[in-house]
There are 2 protein chains.
Amino acid sequence: MASSTTEASTWLRQNGLRATLGRIAIVRLLFESTVPLTLAEIHDKMRGEGCDFATVFRFISILEKKELVERVAWIDGSTRHEIRARDGDHHHHHYLICRTCHKIEPIDECVVEHFEDQIAKERGYASLSHSLQLSGVCPACQKPEAGKKGK
Amino acid sequence: MASSTTEASTWLRQNGLRATLGRIAIVRLLFESTVPLTLAEIHDKMRGEGCDFATVFRFISILEKKELVERVAWIDGSTRHEIRARDGDHHHHHYLICRTCHKIEPIDECVVEHFEDQIAKERGYASLSHSLQLSGVCPACQKPEAGKKGK
DNA sequence: GTAGTTGCAAATTGTTTGCAAGCCT
DNA sequence: AGGCTTGCAAACAATTTGCAACTAC
């Protein structure tokens with residue numbers, strides 16, 4: 001926990017960025033989250049150690065320009081951000097979203113990679129990437145009385 | 001061309017909607033487009049026969065409430081809208097987008113359907129749907145001098 | 001010390017609503 | 001005729017920027 005602070009500031013400096021308290025807090029959130037976050041979520045989760053919304057906005061923009069963070073257009077129209085894979089730690093591209101309680105589950109398998117190669121070959125596109133989101137109603141929300149559960 | 005006007009107003013009335021000039025123009029655009037459109041694109045393409053942006057906004061909202069049009073969160077963060085399948089005419093769920101010239105190509109094959117069933121079974125989700133977008137650099141934009149081409 | 005970073009507030013852009021006038025049926 | 005629909009303008013929300021004070025290196 002204290003070590004993840006060290007980890008975050010090391011990561012920042014390795015990437016040529018200054019390590020301020022706000023940035024460290026943001027990076028820790030990105031490291032710890034298994035799902036992409038909105039700017040508002042990042043800002044909200046920092047109450048206490050917080051920094052201004054404009055700082056979140058600008059810092060995430062910097063990370064995206066450096067390709068350390070990826071911008072994801074979410075299926076509900078919001079924009080989310082997730083840190084790119086560090087070393088061996090591969091990250092998720094695919095999510096399963098409950099339309100009722102908005103829970104987000106990562107999906108590890110990737111059925112698209114092979115298809116992506118095929119399309120690249122067939123149509124001559126370069127450096128393809130993809131985004132896949134499934135949405136449905138999760139088991140808990142299918143139970144009538146439990147419908148209002150979750151956040 | 002004149003016939004697509006008739007077609008559009010017939011479609012409107014079949015769905016219990018009044019056929020005004022603005023609405024007919026919007027519906028024709030939706031019928032003719034092979035890719036989802038933004039509200040701004042719909043509004044822009046109507047110069048002449050045009051109607052107000054608020055009308056586009058409200059009419060598309062009505063169509064979405066009636067589930068005649070589907071809202072799509074685009075990979076670049078914008079929101080797009082596409083008409084749902086009419087009769088036999090199946091529509092596209094998948095697109096290939098050029099990151100340089102922003103050209104959009106529909107993809108007919110669907111590799112996700114089988115995967116969707118599998119996930120539904122494994123995790124107990126109901127009424128799954130999905131959204132898949134591939135992005136890359138199209139053949140034209142890979143040629144150095146042609147990089148500025150496209151729109 | 002200096003350049004990069006921050007918070008605050010304002011500017012900008014995009015989305016949504018209220019209302020009186022007009023149009024479709 | 002009557003209610004649905006429209007255009008206009010204003011309200012609202014979200015994103016982005018300017019600037020002086022501050023901080024990491």
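In what follows, every chain begins at residue 1, and chains take the letters A, B, ... in the order their sequences are listed. For clarity, every value in this text was computed on a predicted model and none was experimentally measured.
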From CA spacing to verdict: side-chain contact (heavy atoms from CB on, under 4.5 Å), A/C51, A/V56: CA-CA 7 Å; A/C51 63; A/V56 177; 4.0 Å; yes
Could you give the [atom1]-to-[atom2] distance, from [X] to [N], as a whole number of Å?
X: A/H43; N: D/dA13; atom1: NE2; atom2: P; result: 17 Å
X: B/F53; N: D/dA9; atom1: CZ; atom2: C1'; result: 15 Å
X: B/D52; N: C/dG22; atom1: CG; atom2: C1'; result: 14 Å
X: B/F57; N: D/dA11; atom1: CZ; atom2: P; result: 17 Å
X: A/R71; N: D/dT16; atom1: CZ; atom2: C1'; result: 11 Å
X: B/L21; N: D/dG7; atom1: CG; atom2: P; result: 10 Å
X: A/L12; N: C/dT6; atom1: CG; atom2: C1'; result: 15 Å
X: A/N15; N: C/dG4; atom1: CG; atom2: C1'; result: 17 Å

Looking at [options], which one has an atom nearest to any side-chain atom of [X]?
X: B/A19; options: C/dC8, D/dT5, C/dT25; result: C/dT25
X: B/R23; options: D/dT6, C/dT5, C/dT17; result: D/dT6
X: B/T20; options: C/dT25, D/dG18, D/dT5; result: D/dT5
X: B/R18; options: C/dC23, D/dT6, C/dG7; result: C/dC23

Exam field: side chain A/R23 to backbone A/R18, donor-acceptor pair closer than 3.5 Å: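 Flag set: sc A/R23 to bb A/R18 pair under 3.5 Å.
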For a quick check of understanding: with a heavy-atom distance under 4.0 Å over all strands, which category does B/F59 fall into, base, sugar-phosphate or nothing?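 Nothing: the residue B/F59, judged by heavy atoms under 4.0 Å, touches no strand.
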Has [X] got a side-chain N or O lying under 4.0 Å from the OP1 or OP2 atom of [N]?
X: A/R13; N: D/dC25; result: yes
X: A/R58; N: D/dT17; result: no
X: B/S61; N: C/dT16; result: no

Where does the angle between the aromatic ring planes of B/H130 and B/H94 fall among parallel (under 30°), tilted (30 to 60°) and perpendicular (over 60°)?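 Tilted.
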With heavy-atom distances below 4.5 Å as the criterion, would you say the side chains of B/Y125 and B/I119 are in contact?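 Heavy-atom side-chain distance check fails, nothing below 4.5 Å.
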Are A/L30 and A/W11 packed together at the side-chain level, in the sense that at least one heavy-atom pair is separated by less than 4.5 angstrom?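 Not in contact.
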